There are 2 protein chains.
Amino acid sequence: MTESKAPRRRSDATRTAILKAARARFAADGYERATVRAIARDAGIDPSMVMRYYGSKEGLFAAVIDVELVLPNLGAIPVEDVGGVLIGHFLDLWENDSVLQTLLRVGATNEAGAARMREVFAGQILPLAERFVVTRADAERRAALVASQVLGMALVRYVLRFGPATDMSREDVVAWLAPTVQRYITAEAP
Amino acid sequence: MTESKAPRRRSDATRTAILKAARARFAADGYERATVRAIARDAGIDPSMVMRYYGSKEGLFAAVIDVELVLPNLGAIPVEDVGGVLIGHFLDLWENDSVLQTLLRVGATNEAGAARMREVFAGQILPLAERFVVTRADAERRAALVASQVLGMALVRYVLRFGPATDMSREDVVAWLAPTVQRYITAEAP
DNA sequence: ACTGTATGCCAACACTCGTTGACTTCGGCG
DNA sequence: CGCCGAAGTCAACGAGTGTTGGCATACAGT
């Protein structure tokens, strides 16, 4: 997101340790229950270090959610595979990167988290929808529909942990959700 | 949920004032940020009253989420209208009752909230799915899929407040989501 | 080796939280 | 009236929070 120019400070190890611990805590507990003290303990350093390097708890959270989320080669896929590819992509993101889990947990009660979540989906899904639709308003609506299904599955599967949702295999999820997303993006408006 | 037998205590007005304020605060702020002191202030009484009548903050929260959510005449509707009726029903619930908003906000970081959310959907959607499907496991999976779409729309529309999602009319939401839900419940497994 | 700066820890501050117990007021009943 | 329990207020406690400043230590440049 922001540039990572490199004065190569000696404290980089500590900085990344804090960031790593913060990612895990925010993703698991949300903003309020993830305490600076717990994050510092996980990182093996003193809580005051967090303040020195990130200014405040809010600043630390901002650093955690300030990451790029890339949707690969969205342009090269056949029209009829858009739904499947998109679902597969987001499943990967959700299982290999804690940022989306963090945003989902924090966004429920924290405006900064909600705002970042809106940014992510506007940046990822909107451009895709705009390729299949003429008006901006229509594209936005379709992107919102796709977001509702993608985020909803993430919610029941990774946050609320509905048994049947967690039991589904990756292939099952793709097979069920891909047609839905495909329709939201490419079907005529009802 | 639990019975509301009536010794008709003189303090009933205070009890309900607390409960009303608690519903609003929990729904707006989630569990951690909704403080007992703020709830008491809204209700116009002393924080110690909350403890007297509900034992603890946790007890108060339990009282808030301990409510019936009724899905009306689910048996009498034609098979092909299941999706539309179900979406319409949940939209009503979300807009006229703060309990689901509370559960969605709190469930993201609080296990009691998540558990209650699972109960609600197991009680509301699972029975519906079981009428169209033979095996229990299949019904559970379909109910989870429906839950993912319903909760996802609630998330983007009422919690994260994606602009395009909040702009959609009730009819638009039903028109777009009904076929999805219909398919999750009645279509053959892919 | 000396010095200045970056790095880290420690103890404390100011504040808010949920919760408690003692005290006062009210309302009905003899 | 006089009583008594219920209803409500008040001040405080103990724990936990984010945050701060002072002090020790390790490192790099000269």
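Below, chains carry the letters A, B, ... as their sequence lines are ordered, and counting in each starts from 1. These numbers were taken from a predicted model, which means no experiment stands behind them.
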Nucleotide N/O to protein N/O under 3.5 Å, stretch nucleotides 5-9 of chain D:
unit_1: D:dA7; atom_1: OP1; unit_2: B:S11; atom_2: N; d: 3.2
unit_1: D:dA7; atom_1: OP1; unit_2: B:S11; atom_2: OG; d: 3.2
unit_1: D:dG8; atom_1: OP1; unit_2: B:T14; atom_2: OG1; d: 2.9
unit_1: D:dG8; atom_1: OP2; unit_2: B:T14; atom_2: OG1; d: 3.1
unit_1: D:dG8; atom_1: OP2; unit_2: B:Y53; atom_2: OH; d: 3.2
unit_1: D:dG8; atom_1: N7; unit_2: B:R52; atom_2: NH2; d: 2.8
unit_1: D:dG8; atom_1: O6; unit_2: B:R52; atom_2: NH2; d: 3.2
unit_1: D:dT9; atom_1: OP2; unit_2: B:D46; atom_2: N; d: 3.4

Practice task
For the pair B:V99 and B:L93, evaluate side chain to side chain contact (heavy atoms under 4.5 Å, CB included) and give the outcome as yes or no after the intermediate values.
Solution key: CA-CA 9 Å; B:V99 178; B:L93 235 47; over 6 Å; no
Problem - Protein-nucleotide distance (A:Y54, atom OH; C:dG8, atom P), rounded to Å - result: 12 Å
Problem - Closest non-hydrogen atom pair between A:M168 and A:R157, with its separation - result: O-NH1, 2.9 Å
Problem - Donor-acceptor pair, side chain of B:R183 and main chain of A:W176, under 3.5 angstrom - result: yes
Considering only distance and modelled atom types, tabulate donor-acceptor pairs under 3.5 Å from the side chains of residues 49-56 of chain B, sequence neighbours left out.
unit_1: B:Y54; atom_1: OH; unit_2: B:R15; atom_2: O; d: 3.2
unit_1: B:S56; atom_1: OG; unit_2: B:E58; atom_2: N; d: 3.4
unit_1: B:S56; atom_1: OG; unit_2: B:G59; atom_2: N; d: 3.1

Problem - Geometric class of the A:F61/A:Y31 ring pair [parallel <30°, tilted 30-60°, perpendicular >60°] - result: perpendicular
Handout entry: Rounded interatomic separation in angstrom, taking CE from A:M51 and C1' from D:dT17
Key = 11 Å
Completion exercise
The correct set of residues in residues 31-40 of chain B placing a heavy atom under 4.0 Å from DNA chain C is B:A34, B:T35, B:V36, B:R37
Exercise for the section: Applying side chain to side chain contact (heavy atoms under 4.5 Å, CB included), run through A:V146 and A:F121 and close with a yes or a no. Expected result: CA-CA 9 Å; A:V146 172; A:F121 275 76; over 6 Å; no
Problem - Whole-Å distance separating the NZ atom of A:K57 from the P atom of D:dT19 - result: 8 Å
Practice task
Report the C-alpha distance between A:V82 and A:Y184 in whole Å, list the side-chain angles of each, state the deciding distance to 0.1 Å, and finish with yes or no for side chain to side chain contact (heavy atoms under 4.5 Å, CB included).
Solution key: CA-CA 11 Å; A:V82 166; A:Y184 289 160; over 6 Å; no
Practice task
Take the protein atom CZ of B:R41 and the nucleotide atom C1' of C:dT16, then report the distance between them rounded to whole Å.
Solution key: 12 Å
Practice task
Could you tell me whether B:R170 and B:D92 make a salt bridge, using a distance below 4.0 angstrom between a side-chain N and a carboxylate O?
Solution key: yes
